[in-house]
Amino acid sequence: MAVWLLLILSMPGALWAEQSSPPSNGNASSLPQVKNIKITGNKALSTEDIRGVMSTTTRDSFLGTGLFAGARRPFIADDFQKDIDLIRKLYTFKGYFFADVDPTVTRSKTGDASIVIRIRENQPTLVDSLSYAGLDSVSANLRSRYLRSRRLKTGQIFSVENLIDERDRTLDFFREYGYTFFHPDSIRITVDTLGLHAGVRFNISLPGRHAYGPVKVFVHNPLAKDNPATAKTFERENVSVTIYGNQKFSPKVFSSAIAWKQGALTRQSLEQRTLENFGSTNLFSSISIQKDTVSTAAIPVTIDLDPSPKHQIEPKLLVDNRYGSLFVGGALAYENRNLFGAGQQFRLSTNYGTQTSSNTSVLSNLSPDQYDKIIPYEFNIKAEMVIPTLGKQGSFYTGTLEYAQSKQPVLIDSQRKIIRGTYSTRPTRNSKLSFDFFELEVARKDSLRGFQQLFKTDLAENIGIDPADPVAVKRGLDSLLQTRLNQTFRLRYNYSNRDNASRRRKSTLWNFSAVAEESGSLLWLIDNVVDTKSYNDFASSDAQIFGTPYNQYVKFDTQLAVTKELSPDRQVAAKVALGWMSPYGKANTTPEDHRFYAGGSNSMRGWVFGTLGPGSNSNEAVSNFGADIKAELGLEYRMQLFKVFGQKSGVTLFTDAGNIWDRTGPYAFSLQSLTRDFAWDLGAGLRIGSPIGPFRFDFAWKLHDPADPQRWQFSKMNLTDFTFNFGIGEAF
């Protein structure tokens, strides 16, 4: 039997379109409900795949336990019959033309339906012959390359899905080698079937090959209709550019973004790269490439660009519970996206946030008359200049000036001034590399009333100082509160397998990040070569230049996060995060501003930020100064059960395990400490969807608390004794 697959190739669209039939009249709560659906006999297709095409579903709940149940699901016989037809079509789509789908519906006394769908898949139809016609005009080398990379092979299951993959590959392949007007109607697929065998023949009608001709670029006026009287036209490297309105653009913006040269054969990948190059400048909101149909071998190309607004002001509301109580604030950012006409971006941002009440939980060892109650706050102002490297997509230089000030619950007022130079690039489509080739930070801390007492009662012993020795205490306080310099080299690497240009949606997403820091090497060089003068209060072994101490340390921080899609509305996600840092050279300790901290909405959610660790430490004041080693694991089961203002929302169940440790001392990291002093929590969270990411409201209970003499918490668990954390965006 000969079959032309023009109709079959359109089946996927019809298949998915039929599943959303209009609901029947009547109140859903008064109709018979779907109690359960059982699918048996399916091996080639997963149960999730089959249920994904059905409109008949059971009431959503976590793993069928009834927890977090969604809306009631009525049983509608007509819709269910359509579902059975869709399942048969799905098996046909996958190559199982002789599959039997046998449904059984059992009614209870109330009319509710229990459904069993028994499937006998039988043998799939296999491709026993495969041929390609119409390639006589193609060179032997190109023909060999095309056939060598084919996805459809003899002995493979014959399915519409595989035919579509091979058709799309054929389109992409020849469009990449000059056949710019090659389109789906140029491919006719003939299938001869006999029982479980199918012969497939691709008949390919190739048009002529074309090269790129002259290029014209039109930059439209974003504020008014294009007026030829205000147009400016120039030409650079065979690219003619017309700019409407009083807009300023460097000629190099256009010539460097176009990835092909006039006279080269047309290539689909070069056009995609050109779109990406223009997009990476952040100058244009709309980019289109049009090729004129001509009889000559050279095709004129027109590129239309709609500029983004040059000036942008963005306000933000800040709300979280970083210090335990409600923390609120605001941020305001201004951005000029094209400062000097070549995509240079100037950004100025500031934010301020404050806790709504005084936080005294870390001061439990002090009496109220020993300190002044404070309201923690954070203030930051930052200016950035971004200079793109035209012609190298995703590469740019960034200069940063930043000032930050904060008042912390541990009775410290902290100030930081930073100047930084960064180069960023993309080694591959899915990766990003950033190098802070210069960073100088001036960090200064002032103590508030009560900090000296807090230091003696809570902190001194943790860093090896006898609180009864006033000389040692003064030396420790001076060291902690000195103005210090941090000169840092930093390398960041990020990789994600998310590919927006791919035809296929990936069911498993990987995100990997790694950061390596080294601080103090240039200052050490100045200390030993330039500034050899001695200073009062400093020994020759102290790390200082011109009478100001500096830090020396190395730091490594990495995280791997994996998200697996179980169904369109179900995901499981996991993360592993590891970190280590250590002083070197003349330094004996690491700066607390750069240490690792545990707890909070993106860490161990059973603890508030900065209140866990190191190790089995039970003093929150000590936890607020961080540690040098970190190890964390996280696992989430995400369910999207409903929508809020059109955004997917739902519930997430999660668990976190890990802690931070010191390198030495009573809370030092060791194999024994890792297995004894780990923290573990379990919780549930509400996710409310928004355009900037889901709002997260997480409630967590401690399962294993290393700071508690009775580490396992099962016997003391109370539903009302939870830790609440709030954040925006997924935790990982």
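In what follows, residues are counted from 1 in the order of the sequence shown.
Two rings, from Y597 and F609, have their centers less than 6.0 Å apart.
Using the six-membered ring where Trp is involved, Y146 and F174 have ring planes that are tilted, between 30° and 60° apart. A parallel orientation is assigned to the rings of Y132 and F202, their planes being inclined by less than 30° (bins at 30° and 60°). Below 30°, between 30° and 60°, or above 60°: for H311 and Y334 the angle between ring planes is below 30°, a parallel geometry. The aromatic rings of H220 and F218 lie parallel to each other, with less than 30° between the two planes, well short of the 60° mark.
No donor-acceptor pair under 3.5 Å is formed between the side chain of E314 and the backbone N or O of A333. Between the D527 side chain and the L523 main chain, no donor and acceptor come within less than 3.5 Å of each other. Under the 3.5 Å distance criterion, the side-chain polar atoms of S424 are left unmatched by any main-chain donor or acceptor of S434. Not one N or O on the side chain of R175 forms a donor-acceptor pair closer than 3.5 Å with the backbone of D172. At least one donor-acceptor pair closer than 3.5 Å links the side chain of K555 to the backbone N or O of H594. Judged purely by atom type and a 3.5 angstrom limit, T274 uses its side chain to pair as donor or acceptor with the backbone of L270. Of the possible donor and acceptor atoms, one in the side chain of S649 sits under 3.5 Å from a partner among the backbone N and O of Q647. Judged by distance alone, with hydrogens and angles left aside, the side-chain atoms of R188 form no donor-acceptor pair with the main-chain N or O of I204 at under 3.5 Å. S414 contributes no side-chain N or O that, together with a main-chain N or O of S406, makes up a donor-acceptor pair within less than 3.5 Å. Proximity of a side-chain donor or acceptor of S280 to a complementary backbone N or O of N277 within less than 3.5 Å is detected.
The side-chain heavy atoms of Y179 and V138, taken from C-beta on, include a pair separated by under 4.5 Å. No side-chain heavy atom of F435 sits under 4.5 Å from any side-chain heavy atom of T422. At least one side-chain heavy atom of I303 sits less than 4.5 Å from a side-chain heavy atom of V215. Using a 4.5 Å heavy-atom cutoff, the side chains of Q571 and K564 are not in contact. Residues T508 and T563 have side chains not in contact (no heavy-atom distance under 4.5 Å, counting atoms from C-beta outward). For the pair N602 and F732, the minimum side-chain heavy-atom distance is 4.5 Å or more. Residues Y244 and V219 have side chains not in contact (no heavy-atom distance under 4.5 Å, counting atoms from C-beta outward). Counting heavy atoms from C-beta outward, V217 and V239 have side chains that approach closer than 4.5 Å.
Taking 4.0 Å as the cut-off between side-chain N and carboxylate O, R143 and D136 do not count as a salt-bridged pair. Ionic pairing of E632 and K575 is present here: one or more N-O contacts between side-chain nitrogen and carboxylate oxygen are shorter than 4.0 angstrom. Under the 4.0 Å criterion applied to side-chain N and carboxylate O atoms, D168 and R151 are not assigned as salt-bridge partners. Ion pairing between R490 and E439 holds under the 4.0 Å rule for side-chain N and carboxylate O. One finds a salt bridge joining E441 and R416 here, because a Lys/Arg side-chain nitrogen approaches an Asp/Glu carboxylate oxygen to under 4.0 Å. Ionic pairing of R638 and D569 is not present here: no N-O contact between side-chain nitrogen and carboxylate oxygen is shorter than 4.0 angstrom. A salt bridge is defined here as a Lys NZ or Arg NE, NH1 or NH2 lying under 4.0 Å from an Asp or Glu carboxylate O, and R687 with E730 meets this definition.
In this structure, CZ in R337 is found 14.5 Å from CD in Q344, a value given to the nearest 0.5 Å. Distance check, rounded to the nearest 0.5 Å: NZ of K261 to OH of Y212 gives 13.0 Å. Annotation: the span from L401 atom CG to I418 atom CD1 amounts to 10.0 Å, rounded to 0.5 Å. The line from OG of S308 to CZ of F284 is 8.0 Å long, rounded to the nearest 0.5 Å. The CG atom of L560 lies 11.0 Å from the OH atom of Y495; values are rounded to the nearest 0.5 Å. T266 OG1 to K291 NZ: the interatomic distance, rounded to the nearest 0.5 Å, is 5.5 Å.
Evaluated for a side chain to side chain contact (heavy atoms under 4.5 Å, CB included) with T558, the options V576, V515, L578 yield exactly one hit, L578. Just one residue in the list R145, R267, R273 forms a salt bridge (Lys or Arg N to Asp or Glu O under 4.0 Å) with E176, and that residue is R267.
In summary, the side chains of K382 and T350 do not present any donor paired with an acceptor at a separation below 3.5 Å, with no hydrogens or angles considered. Residues Q272 and Q268 bring no donor and acceptor atom of their side chains to less than 3.5 Å of each other. In summary, the side chains of Y553 and E518 do not present any donor paired with an acceptor at a separation below 3.5 Å, with no hydrogens or angles considered. Remark: the T425 side chain and the S395 side chain contain an N/O donor-acceptor pair separated by less than 3.5 Å.
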If you apply the rule side chain to side chain donor-acceptor pair (under 3.5 Å), what do you find for N430 with S496, and how did you get there?
CA-CA 5 Å; N430 297 326; S496 172; over 6 Å; no
Going through the distances and angles, do T302 and D292 end up as a side-chain contact (heavy atoms from CB on, under 4.5 Å)?
CA-CA 8 Å; T302 299; D292 298 332; 4.3 Å; yes
Apply side-chain contact (heavy atoms from CB on, under 4.5 Å) to the pair S431 and Y493, showing each step before the final yes or no.
CA-CA 7 Å; S431 63; Y493 177 78; 3.5 Å; yes
Taking it one step at a time, do L509 and N497 satisfy side-chain contact (heavy atoms from CB on, under 4.5 Å)?
CA-CA 6 Å; L509 292 177; N497 71 334; 3.6 Å; yes
Salt bridge (charged side-chain N to carboxylate O under 4.0 Å, His left out) between K445 and E592, worked out:
CA-CA 11 Å; K445 289 183 170 61; E592 58 272 10; 3.2 Å; yes
Using the rule given for side-chain contact (heavy atoms from CB on, under 4.5 Å), can you reason through Y177 versus L142, listing the C-alpha separation, both sets of side-chain angles and the distance that settles it, and then say yes or no?
CA-CA 9 Å; Y177 289 96; L142 189 61; 3.7 Å; yes
Could you check Y423 against Y397 for ring pair (Phe, Tyr, Trp, His ring centres under 6.0 Å), going step by step and ending with a plain yes or no?
CA-CA 5 Å; Y423 175 70; Y397 291 90; 4.8 Å; yes
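Nearest heavy-atom pair, G245 versus T230, reported as atom, atom and distance to 0.1 Å: N-OG1, 3.4 Å. Of all non-hydrogen atoms in K310 and L339, the two that sit nearest each other are NZ-O, 4.3 Å. In plain terms, the two heavy atoms of E166 and L152 that are nearest each other are OE1-N, 3.6 Å. Considering every non-hydrogen atom in both A731 and S601, the closest pair reads CB-O, 3.9 Å. Heavy atoms only, all atoms of each residue included: N221 and D226 are closest at N-OD1, 3.0 Å. Counting all heavy atoms, side chain and backbone alike, Q487 lies closest to L522 at OE1-N, 2.9 Å.
By the 6.0 Å contact criterion, NZ on K232 is enclosed, its count of non-hydrogen atoms from other residues, nucleotides or ligands being greater than 12. In this structure, N246 places its CG atom where only 12 or fewer heavy-atom neighbours from other residues, nucleotides or ligands lie under 6.0 Å away. When the shell of 6.0 Å around NZ of K216 is examined, it contains 12 or fewer heavy atoms from other residues, nucleotides or ligands.
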